[in-house]
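Following: one structure in C-alpha cells, then a few remarks.
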Amino acid sequence: PVASVASEAPSASPSSEVTGTSTNAPSSALVVTEAPVTPPTTNAPTGTESPVLSPEKCTFCESGIPDPEAEVAGTGGSTCAQVKASADEDINGSDTCGFIQAVESSCCPDLCTFCESGITNPDLVPGAAGQTCAQIGDLAPTFTEGSAACTAIQAAEITCCPQSLDGACTFCNEGIANPDLVHVGGQTCAQIEVLAAGNTEGSDTCTVIQEAESTCCPQTQDVACAFCNEGITNPDL
C-alpha cells in the first residue's frame, strides 16, 4: 500500500496584519518609509530689497554722567543712572525717549569752557586768587556753562589765552628786562604784556597798560644827566 504522507501546511498570516519590524517579509513586499518633513520655504531676497535696520537706541548723556546718583526732578525720584538705563531700553524718536532726553541737562549739563584753543601761558597767575591759568583750566569743567562761577572763570581768558588782534596794543616792544617784576596794582610785567595783546592800540585800556612801560622796560635816556663832568673832588663827602 502506498503510504500517504500528509504534511502540515503552514498557516497563512492574515492579510490585514502589518508588521513593520518583521525581517521575514517576502522580497516582493512593498516597504513604505516615512517621507521627510520639508521645511517651509521662504522667499529669497531678490537683491533689490532694503535690509531691515534695527532701531537706534535712545541716546542720553553719551559723553558721561558726572553724578549718576543725582535725582532727576519730575521723574518720581529716579536717579540719572536709572534714567540712563531706561534710555538704553528705548529707541530714538519714541515719546518715551523724548521725555527722557528732555531731562538730559539735569544729568549731563554743558560744562564750563575755558581757553578751548589752548592756554598760552599755563604758569601765568591772572588774578589775586593765586591760581595759575593751568589750575583755572582744570577748575572750569567742575561748573556748568552760564553759571556765575563759570562767568568769573572765563574772565581770566583774556590773560590765559588772549586772542590775536589786528593792531594789538604795543607794550615793551624791545623786551621786558624782568618779567616777574610786580607793577603797581599787583600784576607782573609778564601779565601786563599778555593783557596788552588782548586790547587794541589807542584804546583807553591800552593807554593804561602802556603806563607800566616805565616800570617794565624803562628806556635809557639819550642825554644823561650831567654831574661833576670833571670828576668828584671828594667822593666820601
| message | For Cys169 versus Ala196, what's the shortest heavy-atom pair and its separation? | response | CB-O, 3.2 Å
| message | Using the rule that Ile, Leu, Val, Met, Phe, Trp and Tyr join whenever any side-chain heavy atoms are under 4.5 Å apart, tell me whether Ile153 and Leu111 fall into a single cluster. | response | no
| remark: Output for pair (Leu124 CG, Cys161 SG), nearest 0.5 Å, gives 11.0 Å
| message | Taking Gln135's backbone N and O only, do any of them form a donor-acceptor pair with Thr132's side chain (distance below 3.5 Å, no angle check)? | response | yes
| field | Asn92 (side chain) donor-acceptor with Lys57 (main chain) under 3.5 angstrom | value | yes
| note | For Asp138 and Thr142 the tightest heavy-atom approach is O-CG2, 4.3 Å
| query | Atom CD in Glu104, atom CD1 in Ile65: separation rounded to 0.5 Å? | reply | 9.0 Å
| request: Using distance alone, with no hydrogens and no angle criterion, decide if Gln154 and Glu145 have a side-chain donor and acceptor under 3.5 Å apart. | output: yes
| request: Would you tell me whether Cys217 and Cys172 have their SG atoms within less than 2.5 Å of each other? | output: yes
| So, do Gln82 and Ser86 sit near enough that their side-chain heavy atoms are less than 4.5 Å apart? | no
| query | Where do Val72 and Cys80 land on the side-chain contact (heavy atoms from CB on, under 4.5 Å) test, with the steps shown first? | reply | CA-CA 6 Å; Val72 183; Cys80 289; 3.7 Å; yes
| task | Using modelled atom types only, decide if a donor and an acceptor are shared between the side chain of Glu201 and the backbone of Cys206 within a distance under 3.5 Å. | result | no
Contacts table for residues 175-187: side-chain donor-acceptor under 3.5 angstrom, sequence neighbours left out:
from   : atom 1 : to     : atom 2 : distance (Å)
Asn178 : OD1    : Asp180 : N      : 3.2
His183 : ND1    : Thr215 : OG1    : 3.2

| message | For a side-chain contact (heavy atoms from CB on, under 4.5 Å) check, start with the C-alpha distance between Gln210 and Thr170, then their side-chain angles and the critical distance, and finish with the verdict. | response | CA-CA 8 Å; Gln210 289 172 337; Thr170 56; 3.2 Å; yes
| task | State whether the SG distance for the cysteine pair Cys133/Cys160 is less than 2.5 Å. | result | yes
| said: Can you tell me if the gamma sulfurs of Cys107 and Cys61 sit closer than 2.5 Å? | reply: no
| said: Any donor-acceptor pair under 3.5 Å linking the side-chain atoms of Glu71 with those of Ser78? | reply: no
| message | Set out, in order, the CA-CA distance, both residues' side-chain angles and the distance that settles side-chain contact (heavy atoms from CB on, under 4.5 Å) for Phe171 and Leu195, then state yes or no. | response | CA-CA 9 Å; Phe171 182 80; Leu195 283 175; over 6 Å; no
| remark: Rounded to the nearest 0.5 angstrom, the CD1-SG distance for Ile209 and Cys216 is 11.0 Å
| message | Looking at every non-hydrogen atom in both residues, tell me the closest pair between Ala87 and Phe60 and how far apart they are. | response | CB-CB, 3.7 Å
| Going by the salt bridge (charged side-chain N to carboxylate O under 4.0 Å, His left out) test, which pairs reach into residues 75-84, not counting sequence neighbours? | Glu62-Lys84, Lys84-Asp88
| Under 3.5 Å, is there a donor-acceptor pair linking the side chains of Asn199 and Ser203? | no
| Can you tell me if Ser105 uses its side chain to pair, donor with acceptor, with the backbone of Ala102 under 3.5 Å? | no
| message | Can you give me the closest heavy-atom contact between Ala140 and Phe114, atom names plus distance? | response | CB-CB, 3.7 Å
| request: Would you kindly confirm whether Ile119 and Phe143 end up in one hydrophobic cluster when ILVMFWY residues are joined by side chain heavy atoms under 4.5 Å apart? | output: yes
